[in-house]
Amino acid sequence: MVPVNAEAVTDSGIWFRVEASSAASAVRRAAERLGAQVEMGAARIADLAIVAAELTSNLVKHADEGVLLLRPVRRAGQAGVELIAIDSGPGMADLTVSSQDGHSTTGTLGIGLGAIVRQASWFDGYSLPGKGTVLAVQVWPAEPARPSWAGALTRPLTGETVSGDGYAVRVADGRHQVLVSDGLGHGPLAAAATEAALAAFRDAPAGPPAVVVGHLHRSMSHTRGAALAVAELAPTAGVLHYAGLGNIAGVVVEGDGHRRGLVSLPGIAGHQRPTIREYDYPLAPGARLVMHSDGVVDRWRLADYPGLAERSPLVMAATLLRDAGVRRDDACVLVARSWT
């Protein structure tokens with residue numbers, strides 16, 4: 001995790017460690033610069049500064065191992081700013097009550113979370129005593145864009161400034177598709193391989209996942225290659241289509257916590273001639289698709305997180321990244337929901 005500089009913030013964003021009050025000014029200044037970068041306007045930049053200050057203040061006062069991700073967010077033809085605050089404890093028994101003005105657990109005025117909710121265009125969170133808290137906030141210049149059906153985040157290996165893991169989301173001719181990519185190794189060359197995969201995915205002709213993966217493979221021959229997987233959610237038909245190469249983990253989690261693992265075949269996109277095959281899986285109403293790179297262990301259980309499946313895909317992804325992203329590697333978690 002690195003401090004922000006004056007350069008433009010990329011879509012992958014900037015991670016901050018928030019362990020002392022000195023971090024608050026750095027986060028606020030970075031948020032203000034990002035607000036100007038996406039042309040948010042002075043009034044909303046001021047609101048964004050309040051959100052950044054309150055989030056960092058809460059992490060310093062109440063949290064263990066607090067970190068914050070700041071990044072631009074784009075949807076429905078407009079751009080905004082997203083902040084995701086993550087900590088490992090002590091957690092809150094009732095996040096809804098704690099978000100109301102006047103509620104405090106430490107003898108303060110109790111206006112922090114209430115101020116965040118008031119200034120935010122969109123807010124969601126999850127907290128569990130003993131586990132910690134995740135808060136996700138978006139500030140848009142005007143009317144907020146509709147919350148996304150998919151959410152994800154990446155975190156680079158400690159000591160690296162870029163992540164070799166990445167993700168992308170698209171709707172192409174009515175096909176709701178997601179991609180997770182893990183460039184081989186880590187550092188700039190791994191990041192370049194994943195950037196090539198993301199660019200090829202966004203420009204790929206509309207088609208089923210196996211066709212899209214084939215397109216990505218052909219588009220990445222100039223890179224060191226990547227493990228990757230493409231999923232397509234078709235909730236009206238009750239089906240998930242999935243095609244993967246290499247060690248991207250995919251799981252469909254149903255409302256009762258039942259997990260169904262998804263098959264990826266051996267291979268490296270961009271190298272040799274891998275076998276590409278598409279598999280279909282049942283997709284029940286309310287089910288969640290979880291995909292992650294091998295920087296995230298697969299031992300998590302939804303039963304350990306009461307109510308998490310009802311939160312937004314972004315908050316669920318951030319919670320799993322916090323608790324399962326324990327390997328010394330780049331890490332990426334994506335969650336998508338069935339919306340019927």
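A quick note: this is a predicted structure, and the numbers were derived from the prediction, not measured.
Side-chain contact between Arg33 and Val9: absent, with no pair of heavy atoms (C-beta onward) separated by less than 4.5 Å. Two residues are said to be in side-chain contact when any heavy atoms from C-beta on lie closer than 4.5 Å; Arg155 and Asp330 fail this criterion. Leu128 has its side chain within reach of Pro306: a pair of non-hydrogen atoms, C-beta onward, lies under 4.5 Å apart. Looking at heavy atoms from C-beta onward, Glu278 lies out of side-chain contact with Tyr242 at the 4.5 angstrom threshold. At a threshold of 4.5 Å between non-hydrogen side-chain atoms, the residues Leu216 and Leu179 count as touching. Residues His215 and Pro205 meet the side-chain proximity criterion, which asks for heavy atoms closer than 4.5 Å. Between Leu59 and Phe16, every side-chain heavy-atom pair lies at or beyond the 4.5 Å cut-off. Residues Val38 and Trp140 have side chains not in contact (no heavy-atom distance under 4.5 Å, counting atoms from C-beta outward).
Within the 3.5 Å criterion, the main-chain N or O of Val253 finds no donor-acceptor partner in the side chain of Arg260. Using modelled atom types, one side-chain atom of Arg322 and one backbone atom of Asp87 make a donor-acceptor pair closer than 3.5 Å. Proximity of a side-chain donor or acceptor of Arg224 to a complementary backbone N or O of Leu184 within less than 3.5 Å is detected. For Arg44 (side chain) and Glu39 (main-chain N/O), no donor-acceptor pair under 3.5 Å exists by modelled atom type. Under a 3.5 Å cut-off, the side chain of Asp165 and the backbone N or O of Ala331 do form a donor-acceptor pair. Remark: side-chain polar atoms of Thr319 are paired, donor with acceptor, to backbone N or O of Val315 under 3.5 angstrom. At least one donor-acceptor pair under 3.5 Å links the side chain of Asp124 to the backbone N or O of Ser312. Checked by atom type and distance alone, the side chain of Thr194 pairs as donor or acceptor with a backbone atom of Gly164 at under 3.5 Å. For Arg311 (side chain) and Gly307 (main-chain N/O), no donor-acceptor pair under 3.5 Å exists by modelled atom type. A distance-only check finds a donor-acceptor pair linking the side chain of Ser127 to the backbone of Met92 [under 3.5 Å].
Arg299 CZ to Asp304 CG: the interatomic distance, rounded to the nearest 0.5 Å, is 12.0 Å. If you take OG on Ser181 and CG on Leu245, they are separated by 10.5 Å, rounding to the nearest 0.5 Å. For the atom pair Leu198 CG and Leu228 CG, the distance stands at 9.5 Å (nearest 0.5 Å). Atom-to-atom distance recorded for Leu34:CG and Arg29:CZ is 14.5 Å, nearest 0.5 angstrom.
Between Thr154 and Ser12, the shortest heavy-atom distance links the atoms OG1-CB, 4.5 Å. Closest heavy-atom contact between Pro274 and Pro266: CB-O, 4.5 Å. Between Ser121 and Ala142, the shortest heavy-atom contact is OG-O, 4.5 Å. When all heavy atoms of Gly183 and Ala193 are compared, the pair lying nearest together is CA-CB, 4.3 Å. Between Tyr281 and Gly261, the shortest heavy-atom contact is CE2-O, 3.8 Å. Here the closest heavy-atom approach between residue Arg17 and residue Ala23 is recorded as O-CB, 3.8 Å.
Using cut-offs of 30° and 60° for the angle between ring planes, the Tyr126 and Tyr305 rings count as tilted.
Both Phe123 and Leu55 are members of a single hydrophobic cluster when ILVMFWY side chains are connected at heavy-atom separations under 4.5 Å. Under a hydrophobic clustering in which Ile, Leu, Val, Met, Phe, Trp and Tyr are joined whenever their side-chain heavy atoms come within less than 4.5 Å, directly or via other members, Val326 and Ile86 fall into different clusters.
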Donor-acceptor pairs are to be reported for all side-chain atoms of residues 65-75 against protein atoms at under 3.5 Å, with residues two or more places apart or in another chain.
from	atom 1	to	atom 2	distance (Å)
Glu65	OE1	Ser88	OG	3.3
Arg71	NE	Glu82	OE1	2.7
Arg71	NH1	Ala152	O	3.1
Arg71	NH1	Tyr167	OH	3.1
Arg71	NH2	Glu82	OE1	2.8
Arg71	NH2	Ala152	O	2.8
Arg74	NH1	Asp11	OD1	2.3
Arg74	NH1	Asp11	OD2	3.3
Arg75	NE	Arg146	O	2.8
Arg75	NH2	Gln138	OE1	3.4
Arg75	NH2	Arg146	O	3.3

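Contact check on Asp298 versus Arg259 returns a salt bridge, with a Lys/Arg side-chain nitrogen under 4.0 Å from an Asp/Glu carboxylate oxygen.
Screening Leu135, Leu48, Ile116 against Leu83 for a side-chain contact (heavy atoms from CB on, under 4.5 Å) leaves a single residue, Leu48.
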Determine whether Asp203 and Arg170 satisfy the following criterion, salt bridge (charged side-chain N to carboxylate O under 4.0 Å, His left out), listing intermediate values before the conclusion. CA-CA 10 Å; Asp203 294 338; Arg170 74 171 191 166; over 6 Å; no
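By the 6.0 Å contact criterion, CZ on Arg175 is enclosed, its count of non-hydrogen atoms from other residues, nucleotides or ligands being greater than 12.
When the ring-ring contact (aromatic ring centres under 6.0 Å, His included) test is applied to His241, no partner is found at least two apart in sequence or on another chain.
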